[in-house]
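Convention: sequence-line order gives letters A, B, ...; per-chain numbering from 1.
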Amino acid sequence: MKTVYVDNNATTKVAPEVLEVMVPFFSEYYGNPSSMHFFGGQVQKKVDEARGKVAEFLGAEPSEIIFTSCGTESDNAAILGTLDSYPEKRHIITTRVEHPAVGNVSTYLGRKGYRITELSVDREGRLDLDELRESLADETALVTLMYANNETGVIFPVEEVGEIVKARGIPFHTDAVQAAGKIPLQMKKSKLDLLSLSGHKLHAPKGIGVLYIRKGTKFSPFLIGGHQEKGRRGGTENVPYIIGLGKACELAQKHLNEENTKVRSLRDYLETKLLERIPNTLVNGERKNRLPNTTSLSFEFVEGESILLLLSDLGICASSGSACTSGSLEPSHVLRAMGVPFTAAHGSIRFSLSIYNTKEEMDYIIEQLPPIIQRLRDISPFWKDYLRAQGRA
Amino acid sequence: MWDYTEKVKDHFLNPRNVGEIEDPDGAGEVGSLACGDALRLTFKLDEKKRIKDVKFKTFGCASAIASSSALTEIIKGKTLEEAARVTNQDIANYLGGLPEEKMHCSVMGREALEAAIANFHGQKITKEDFEVICNCFGVTDREIIKAVRENNLKTVEQVTYYTKAGGGCGQCHPKIEAIIEKVRKEMEKEAPPPKPEKKKLTNIQRIKLIEETLGREIIPALKADGGDLDLVDIEGNKVLVALRGKCSFCPSSEFTLKQYVESKLREFVSDDIEVEEVRP
């Protein structure tokens, strides 16, 4: 059975070029970058080079790049490290559609006595900037909101938000885990103070992340330990993965254009054809302002897990915002925050593409999905009721 | 990914008895679009008052579809009195087990059956007669009490897995806890007093008792499901058996062996019995 992998917002394939540059750092070049001898020193040089590549990719200075273990660590460090620097400020602003790496940290802080403002989104997944303006207060320690949503791909106007937030002198963090590699990022021109990214979403392996911290931003280390990362993140550097991430950022920079042309047109092709062929299908989130690789579709009157398993049976790997897939009983917090009706929220499927996908793969999905939805609708008690109500059966 | 048994996958990919019977003798519907799953069950009886035909339509995940399909297979050919005794555990067992988080799918099957039987008798089970405990999923105290009793549930989390109650905002957790406590107290009172200590047995007595128990309690039950079992040997507290008939290739034979054969032998012979399967 062939595998059609369209779940790249969950994780991506490690690029062969990335793997290739990593291997020697598991075998030959195993020195500790902190060592005084030549054997460690040569590794330090390579780590510096990788840091330079990441900095270039982000349009930042190498000294502003901290390597972490994952996107979640970057988010935790950004939030907790900032709050620790402003102990007198007890208010955080975030949104209702964050990834758990931010959302659950703010829930935790709420329990610890912080005042949390969760900005709402509209039916299309968009922020209301007036709500943000009204929420800013003297005691606000941090504004943290995602660059682009992992489920719908909807992009927040981060720079506009930055204008508003920085006018009040408040630290501003974004989780750019899904945006990096799909939207050009230029920290030198940005209003952001902190930005998180994750290696395995851009064809580096799992187990490496980055936290960008603008020069001059107050920050207390989250992992306390050695002098690594200029004392801002203790722990011996994960050298092979850092080298891999450097290469992945170099490739991502190169492929940015392809993401926005080839990947976008494949996504649009898939989406348009599925909307054409499957009645009662909705697109979740604003279509215009969206990551080029993501589409979240809801198929009314059927349930997401059933769709996923039938797709999986045909080798197609996607994901769902339905309740059953996560083991929770309610559909995803993102779809609920957007007010997607229940008829549709339980039947949502996310396809997220990468530069490795092909038109043949899209055609395979376009051919296989309509009968799956029809089959589940034939089993569903609501479909016939619906058709009857419409006078079509 | 959920760890579904082969039987769940089979009933999901090839569901039995899908559809709706026109002019049914009984019809029951539970769940809703908002809740994320729903089941509509319809049946017709033959002249002997046995379920001749039964069909389902389900909106839900793989285990909801599989549970519905299993339910229809279980109750086909049964009288309504027999069908009324089917529990959610029977549905789960038929499928070789369900992930605990998905047990509510088997409960939904049992509830739809109950509603359909009530419908046949011209009755309707309405939520208005009971107190709604969980507002997010519209679960009443009656449903929670029943799930706790039938499945011996101990925690709020388990109640959520079995009934969905408490799976939304979580405000009803204290109420659910109070129900669990009350029901478990009642169950303790109803339970028979603990049996007297089992006598110490000689080897010969023990072997005889094992043989008797197998013949009287265990083998007839297995045969009823088309299975069988041979006693191969007894080594101290270890009872070696070979599964025959349907049991020999049943995916849930391991479960049968430990949960049924071993627990019966422990009940009637001695608490330290261990049952092991010998493969030919």
Side chain, backbone, both or neither: which part of Asp378(A) has an atom under 4.5 Å from a heavy atom of chain B?
-> backbone
If the plane angle is over 60° it's perpendicular, under 30° parallel, otherwise tilted; pick one for Phe43(B) and Phe120(B).
-> tilted
Do the ring planes of Phe301(A) and Tyr386(A) sit parallel (below 30°), tilted (30 to 60°) or perpendicular (above 60°)?
-> tilted
Kindly indicate whether a cation-pi arrangement holds for Lys13(A) with Tyr5(A), taking the cut-offs as under 6.0 Å to the six-membered ring centre and within 45° of the axis.
-> no
Ring pair (Phe, Tyr, Trp, His ring centres under 6.0 Å) filter on Tyr260(B), not counting sequence neighbours, yields none
Side chains of Glu151(A) and Ser332(A), donor plus acceptor under 3.5 Å | yes
Side chains of Asp75(A) and Thr72(A): donor-acceptor distance under 3.5 Å anywhere?
-> no
Per-residue contact mode, Thr160(B) against chain A (heavy atom under 4.5 angstrom) = both
Measure the shortest side-chain to side-chain distance between Leu270(A) and Arg267(A) over non-hydrogen atoms and say whether it is less than 4.5 angstrom.
-> no
Residue-level interface, residues 14-21 of chain B with chain A, non-hydrogen cut-off under 4.5 Å | Pro15(B), Val18(B)
